[in-house]
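Worksheet: the structure to be examined is printed underneath.
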Number of protein chains: 2
Amino acid sequence: MEAEGTVGKALDVLEQVAAAGRPVRFAELLATSPYPKATLYRLLQTLVAQGLVAQDEGGRYALGLRLVRLAHAAWAQSSLAPIARPWLDALAAETGETIHLAQLDQGQVVYVDKRNAARPVEMFAQTGKVGPAYCTGVGKAMLAHLPEEALLRALERQSFHRFTPQTLTTPAALRAELASIREAGHALDREEHEPGIICCAVPILSRSGRGIGALSLTSTTARSTLERLEAAADRLRAAAAAIGTAAEPWGFPG
Amino acid sequence: MEAEGTVGKALDVLEQVAAAGRPVRFAELLATSPYPKATLYRLLQTLVAQGLVAQDEGGRYALGLRLVRLAHAAWAQSSLAPIARPWLDALAAETGETIHLAQLDQGQVVYVDKRNAARPVEMFAQTGKVGPAYCTGVGKAMLAHLPEEALLRALERQSFHRFTPQTLTTPAALRAELASIREAGHALDREEHEPGIICCAVPILSRSGRGIGALSLTSTTARSTLERLEAAADRLRAAAAAIGTAAEPWGFPG
DNA sequence: GACTTAGTTTCAAATAATGGAACTTCATGA
DNA sequence: TCATGAAGTTCCATTATTTGAAACTAAGTC
């Protein structure tokens with residue numbers, strides 16, 4: 001924490017409210033805040049006045065609906081997600097499996113759209129969720145197509161947690177994996193993030209060759225195998241190529 | 001525009017980028033900004049540094065993915081939307097029509113979750129989308145259960161636009177409608193917002209009797225009638241009651 | 001009714017934001 | 001080739017906002 005300028009401080013506080021995951025009292029925030037009582041108090045007042053944070057009758061703070069409005073605008077004006085929609089529909093219908101569309105933001109994977117085989121579109125329940133880049137199919141596919149400098153920055157701020165026995169936990173192992181992903185043209189998640197969950201992902205490249213997102217097909221070891229997912233890689237690649245051609249060249253910054 | 005404090009100014013700029021609906025150049029923003037060149041420039045720099053705004057290679061500004069992450073957190077920590085999910089699933093399955101869950105934020109309707117009709121139909125509203133309160137079913141259902149003071153504030157900032165011939169365009173007409181909604185226990189949208197679109201909505205009340213959201217069943221005049229939607233009102237009310245009982249008493253502030 | 005805990009306000013000092021103007025690119029076309 | 005201008009960036013003395021220790025209020029608790 002500790003950010004530059006008043007706006008940065010306000011966002012620190014906002015992020016703290018977000019991290020709590022439930023409505024929190026002032027005292028709870030104060031306990032783990034780097035800011036003194038009066039400062040924290042006024043920052044929260046400002047956030048409430050702006051609608052970024054809401055306060056219940058008991059005075060507890062939670063994230064406000066203005067964020068939901070703004071995120072909808074962000075999604076709608078993106079050059080990737082709205083364009084990709086029909087392709088996700090088609091892939092989900094053809095494969096009967098779960099399809100993810102992801103982008104990279106500050107070194108993390110952000111899922112920006114999804115189709116669940118069983119259920120219809122449910123936006124925020126899944127959209128906006130974040131995950132680690134180094135142990136997901138979409139994450140590795142995007143990292144593999146990041147310029148060296150951006151990759152370094154992304155790896156720097158990463159701490160490698162071993163989610164499963166298969167998780168790659170060193171930069172060296174990851175770099176070797178990224179090289180083979182570039183060669184194969186697709187990335188596999190061999191239960192590296194969650195046991196029983198496997199996935200095949202391809203990068204989405206803009207016309208200028210820059211990575212702007214990734215597309216993945218996810219299944220469970222109970223229902224499918226890596227070989228079967230890999231067999232669908234060409235189908236994914238075709239969709240990714242079409243999306244990349246249609247999209248504005250808006251790169252993911254890492 | 002023109003807001004209090006540095007945070008408010010930064011959010012003004014953010015909102016301007018959102019309003020554009022597409023990546024915009026600095027000069028475009030400057031043309032309609034109340035802030036001088038240097039100030040606007042530095043506000044944008046700050047927003048970019050914070051990840052709320054992203055910049056493409058051409059230097060154009062668009063909303064950043066950090067907003068999508070934050071909105072997901074807002075959605076997940078809400079005391080309403082996650083709890084309501086199974087009921088939306090059930091209502092959509094039973095009726096085969098579109099179901100919306102909405103909340104009121106600063107006098108506007110914000111759709112926080114939805115289920116699409118089983119039959120292939122175009123999207124009316126995505127999650128996070130906003131709409132007017134005075135001419136939608138969910139909006140009127142919520143306005144009807146707002147305390148007088150909050151209703152006044154909501155009406156004040158409302159300008160009544162006549163979307164269709166059926167739209168109520170005066171505070172007096174709306175107040176009469178709200179009274180009859182309170183009596184009936186549900187609100188109808190008689191093509192007041194979009195021609196051909198009808199809807200029946202019920203308020204979701206917390207255990208303390210406060211309005212915290214609304215639930216609606218939407219259809220088209222081609223496929224159904226107001227009478228048929230109204231017949232499902234009891235089913236909606238039952239779901240709303242269950243959700244309201246399970247939810248934390250977190251009122252909508254108007 | 002003294003004592004703790006949670007939240008709110010004050011005000012002089014410290015800090016950050018402001019904005020007019022000057023400067024740097026970069027594209028255009030005479 | 002070199003003027004012309006449009007778009008974007010930086011400077012810096014001035015100005016306004018933010019800061020935070022401490023005092024204060026309100027609401028429990030024993």
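Chain letters run A, B, ... following the sequence lines, proteins first and then strands; every chain starts at 1.
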Give a yes/no answer on whether the side chain of [X] brings an N or O atom under 4.0 Å of OP1 or OP2 in [N].
X	N	value
B:Tyr41	D:dG8	no
B:Lys9	C:dT18	yes
B:Arg25	D:dG8	yes

Q: In plain terms, say whether B:Arg66 and A:Asp105 are close enough for a salt bridge, that is, a side-chain N and a carboxylate O under 4.0 Å apart.
A: no

Q: Inspect the contact between B:Arg153 and B:Glu148 and indicate whether a charged nitrogen and a carboxylate oxygen are less than 4.0 angstrom apart.
A: no

Q | Donor + acceptor pair across side chains of B:Tyr61, B:Asp56 (<3.5 Å) | A | no

Q.
Can you tell me which nucleotide in D:dA7, D:dT18, C:dT8 comes closest to the side chain of A:Phe26?
A. C:dT8

Q: Name the nucleic acid region contacted by A:Gly59, choosing base, sugar-phosphate or nothing; use a 4.0 angstrom heavy-atom cut-off, strictly under.
A: nothing

Where do N or O atoms of nucleotides 27-30 of chain D meet protein N or O atoms at under 3.5 Å, pair by pair?
none

d([atom1], [X]; [atom2], [N]) in whole Å:
X	N	atom1	atom2	result
B:Leu43	C:dA17	CG	C1'	9 Å
A:Leu40	D:dT18	CG	P	15 Å
A:Gln45	D:dT17	CD	C1'	16 Å
A:Leu29	C:dT8	CG	P	12 Å
B:Glu57	C:dC26	CD	C1'	18 Å
B:Leu30	D:dT9	CG	C1'	13 Å
B:Gln55	D:dG8	CD	C1'	10 Å

Q: Apply side-chain contact (heavy atoms from CB on, under 4.5 Å) to A:Pro82 and list each qualifying residue two or more places apart in sequence or on a separate chain.
A: A:Trp75, A:Ser78

Q.
A:Ala73: which residues meet the side-chain contact (heavy atoms from CB on, under 4.5 Å) condition with it, sequence neighbours left out?
A. B:Ala18, B:Leu63

Which protein N or O atoms sit under 3.5 Å from an N or O of nucleotides 19-22 of chain C?
from	atom 1	to	atom 2	distance (Å)
C:dG19	OP2	B:Thr39	OG1	2.9
C:dG19	N7	B:Arg42	NH2	2.6

Q | All ring-ring contact (aromatic ring centres under 6.0 Å, His included) counterparts of B:Phe163, not counting sequence neighbours | A | B:His161, B:His193

Q. Any side-chain heavy atom of B:Leu14 sitting closer than 4.5 Å to one from B:Val53?
A. yes

(Q) Centroid separation under 6.0 Å, is that true for the rings of B:Phe160 and B:Tyr134? (A) yes

Q | Nearest-nucleotide comparison on DNA chain C, the residue closer to the 5′ end among A:Gly5 and A:Gly58 | A | A:Gly58

Q: Keeping to residues at least two apart or across chains, list the salt bridge (charged side-chain N to carboxylate O under 4.0 Å, His left out) pairs with something in residues 32-44 of chain B.
A: none

